[in-house]
Amino acid sequence: MSATKSQRIRKRYVDQPLDNMNHSEPHDPTPGGTSIQIDVFEPTNTNNLTTTDLLTHYSSDDSSETSRLISIPATFHSHPAAPRESILTVGIQVIFPFMIAGFGMVAAGLVLDVVQHWPVYVSITEIFIMVPALLGLKGNLEMTMASRLSTAANLGAFDRGSQETWPMILSNLALTQVQALVVGLLAAVAALTIHWIPHGSFSLTNALVLCSSSMATASVASGLLGVVMATVVVVSRRYSINPDNVATPIAASLGDLTTISLLSIISSTLFTVTQSSAIWPCIATLSALVSLLPLCVFYSHRSPHTKQVLASGWTPVILAMIVSSLGGLILDITVSAFKGFALYNPIINGVGGNVAAVQASRISTALHRVAPPAAAPRTDYRYRFCDYPHCRTAFLLLCLVVFGQAVFFLVVSGLQAGHTPPSATLFAVYIASAVLQCVILLLTADWLVYWLWSRGLDPDNAAIPYLTALGDVSGTGFLSLGFNFMKLIKVPT
């Protein structure tokens with residue numbers, strides 16, 4: 001069989017949901033004599049049959065080459081067929097939550113631009129290293145939860161009469177609490193370590209403030225955003241809106257503003273208290289949050305919806321936190337040199353992670369419609385832009401990034417916010433940084449989702465944390481280079 005025929009067969013297999021295959025025609029000839037065969041068999045017990053019972057085999061129409069043979073039970077009904085979405089439909093569903101998310105990130109940037117002068121930020125500079133890691137929690141936890149729930153909703157789990165809705169929502173909320181508490185503590189420890197390595201100084205009081213404020217911020221933000229995400233997914237499904245298009249942008253719109261506001265208020269309060277040599281509020285906060293951890297672990301472990309993620313979903317979350325902390329180191333260094341940098345950093349990072357999450361969630365849902373992870377073959381036509389189905393969405397998202405970032409820049413300029421005067425050079429640097437970041441993230445999202453899938457890993461649990469962390473580092477890095485370039489050519493920064 002030639003490579004062209006193999007690719008054509010795989011494309012037909014991936015693009016066509018199993019529901020739409022004609023089970024009555026077991027032999028569907030294709031050009032050149034190669035065929036896709038569907039062998040219908042009758043299992044003796046179909047009561048507990050799930051998609052994991054799908055058997056994938058290979059057979060041959062000739063002695064040397066193979067063709068696809070899919071064995072499914074005659075009584076098997078796979079997930080609902082995907083509704084056909086035109087590029088206009090996707091654009092309409094994405095643009096409004098995308099713009100709302102962008103304005104939420106503008107608000108987050110305005111808040112960070114103000115709070116960077118607060119005593120806690122001036123005295124405990126490690127907090128800047130911690131900011132991207134905590135902001136990244138919306139990608140590590142809430143947007144990942146939204147992606148899982150969106151996939152479940154598109155596969156019918158949240159339809160009217162379903163018994164899975166509430167158990168799935170509650171177990172996911174408990175899971176995100178566990179992850180938020182652990183990652184919040186690790187983010188503070190990472191910030192302290194990264195700051196200690198070059199400076200060699202350590203303060204127990206500052207460490208208690210960072211750890212308690214980080215864990216409290218992560219826990220409260222995760223709980224609030226988790227409830228909002230579950231509501232958005234359920235309502236979207238009820239009104240026939242694809243949750244993949246709206247859930248992750250809304251998570252992004254609320255995540256940055258909520259997290260920065262909570263972190264600033266909590267850390268400032270605890271810092272003020274510790275100035276009077278009273279560290280017991282920090283210890284009490286840590287004790288209360290740690291005591292909550294085993295309860296959430298117990299509930300999420302009992303649920304079949306989250307048990308596997310609780311056991312195996314830590315690697316992407318922790319690695320993403322470490323990568324985001326490196327972005328925080330860049331932020332800490334750059335903010336000390338360019339005070340106007342703090343305003344634009346949350347916007348560029350948030351928008352980039354947003355579009356990557358939408359793309360990853362859509363590709364993951366499309367793969368879940370075919371078969372469980374590792375059961376479907378990796379397509380070989382990912383970068384053939386003329387026929388790769390998700391490329392249209394990628395181009396749409398890239399165009400939205402250019403349009404949206406231009407609007408957000410003009411809004412910030414109109415508000416006369418920040419320490420850097422708006423200019424044509426700043427606009428060009430900002431847009432160029434955003435486009436480069438977005439292109440890298442969209443290409444990475446395509447490769448990463450398929451790579452995880454081919455390894456038997458669920459992209460809903462692993463892809464978005466890596467993508468948002470990469471967005472933090474690339475966005476902060478490109479924008480930092482842009483500000484240094486402006487300084488080099490003597491443009492006011």
Side-chain angles (χ1 to χ4, degrees), residues 130 133-149 152 157-158 162-190 207-234 247 251 254-255 258-259 262-263 265-267 269-270 279-321 458 460-462 464-465:
M130 203 168 62
L134 289 180
L135 294 184
L137 283 180
K138 77 176 187 301
N140 298 346
L141 306 182
E142 283 77 38
M143 294 171 76
T144 301
M145 172 184 168
S147 181
R148 284 196 302 266
L149 295 182
F158 289 176
S162 173
Q163 302 298 317
E164 299 182 27
T165 304
W166 281 110
M168 183 174 293
I169 290 174
L170 293 177
S171 61
N172 273 276
L173 289 175
L175 174 65
T176 56
Q177 276 297 305
V178 174
Q179 294 176 323
L181 291 170
V182 173
V183 175
L185 178 60
L186 292 178
V189 172
L208 288 173
V209 171
L210 279 180
C211 292
S212 54
S213 59
S214 178
M215 290 184 68
T217 298
S219 178
V220 175
S222 178
L224 293 175
L225 294 174
V227 171
V228 172
M229 285 305 92
T231 303
V232 168
V233 171
V234 172
L254 300 174
T258 302
T259 302
L262 285 172
L263 176 63
I265 293 171
I266 295 173
S267 62
T269 302
L270 293 174
I279 62 173
W280 66 264
C282 296
I283 298 175
T285 302
L286 287 171
S287 301
L289 293 171
V290 170
S291 65
L292 178 64
L293 191 58
L295 298 177
C296 295
V297 169
F298 174 76
Y299 188 84
S300 56
H301 185 266
R302 339 174 17 195
S303 172
H305 303 293
T306 53
K307 182 176 181 179
Q308 181 180 0
V309 182
L310 179 65
S312 61
W314 290 101
T315 300
V317 172
I318 293 176
L319 288 180
M321 181 273 298
D458 190 347
D460 283 331
N461 299 328
I464 293 179

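Nothing fancy with the numbering, it's 1 onward along the sequence.
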Heavy-atom closest pair, residues [X] and [Y]:
X	Y	value
A218	L134	CB-CD2, 4.5 Å
T217	T259	CG2-O, 3.6 Å
V317	V183	CG1-CG2, 3.1 Å
L210	S213	O-OG, 3.2 Å
A174	Y299	CB-CD2, 3.8 Å
L185	M215	N-CG, 3.7 Å

Give, for atom [atom1] of [X] and atom [atom2] of [Y], the distance between the pair rounded to the nearest 0.5 Å.
X	Y	atom1	atom2	result
L292	S287	CG	OG	12.5 Å
L181	L289	CG	CG	6.0 Å
S214	L263	OG	CG	7.5 Å
L310	S300	CG	OG	4.0 Å
I283	C211	CD1	SG	11.5 Å
L208	S212	CG	OG	6.5 Å

Within the structure provided, determine whether [X] and [Y] are in side-chain contact (heavy-atom separation under 4.5 Å).
X	Y	answer
V234	I169	yes
L293	V182	yes
D458	Q308	no
L225	M145	no

Quiz item: Okay, side chain of Q177, backbone of S219: is any donor-acceptor separation there less than 3.5 Å?
Solution: yes
Quiz item: Is T176 reaching over with its side chain to a backbone N or O of L173, donor-acceptor style, under 3.5 angstrom?
Solution: yes
Self-check item: Worked check of side chain to side chain contact (heavy atoms under 4.5 Å, CB included) between M168 and V233
Solution: CA-CA 12 Å; M168 183 174 293; V233 171; over 6 Å; no
Quiz item: Is it true that atom CH2 of W280 has more than 12 heavy atoms of other residues, nucleotides or ligands lying nearer than 6.0 Å?
Solution: no
Quiz item: Of all residues at least two apart in sequence or in a different chain, which pass the side-chain hydrogen bond (donor to acceptor under 3.5 Å, both in side chains) check with T285?
Solution: none
Practice problem: Take N172 and M229, measure what side chain to side chain contact (heavy atoms under 4.5 Å, CB included) needs, and give me the verdict at the end. | Solution: CA-CA 11 Å; N172 273 276; M229 285 305 92; over 6 Å; no
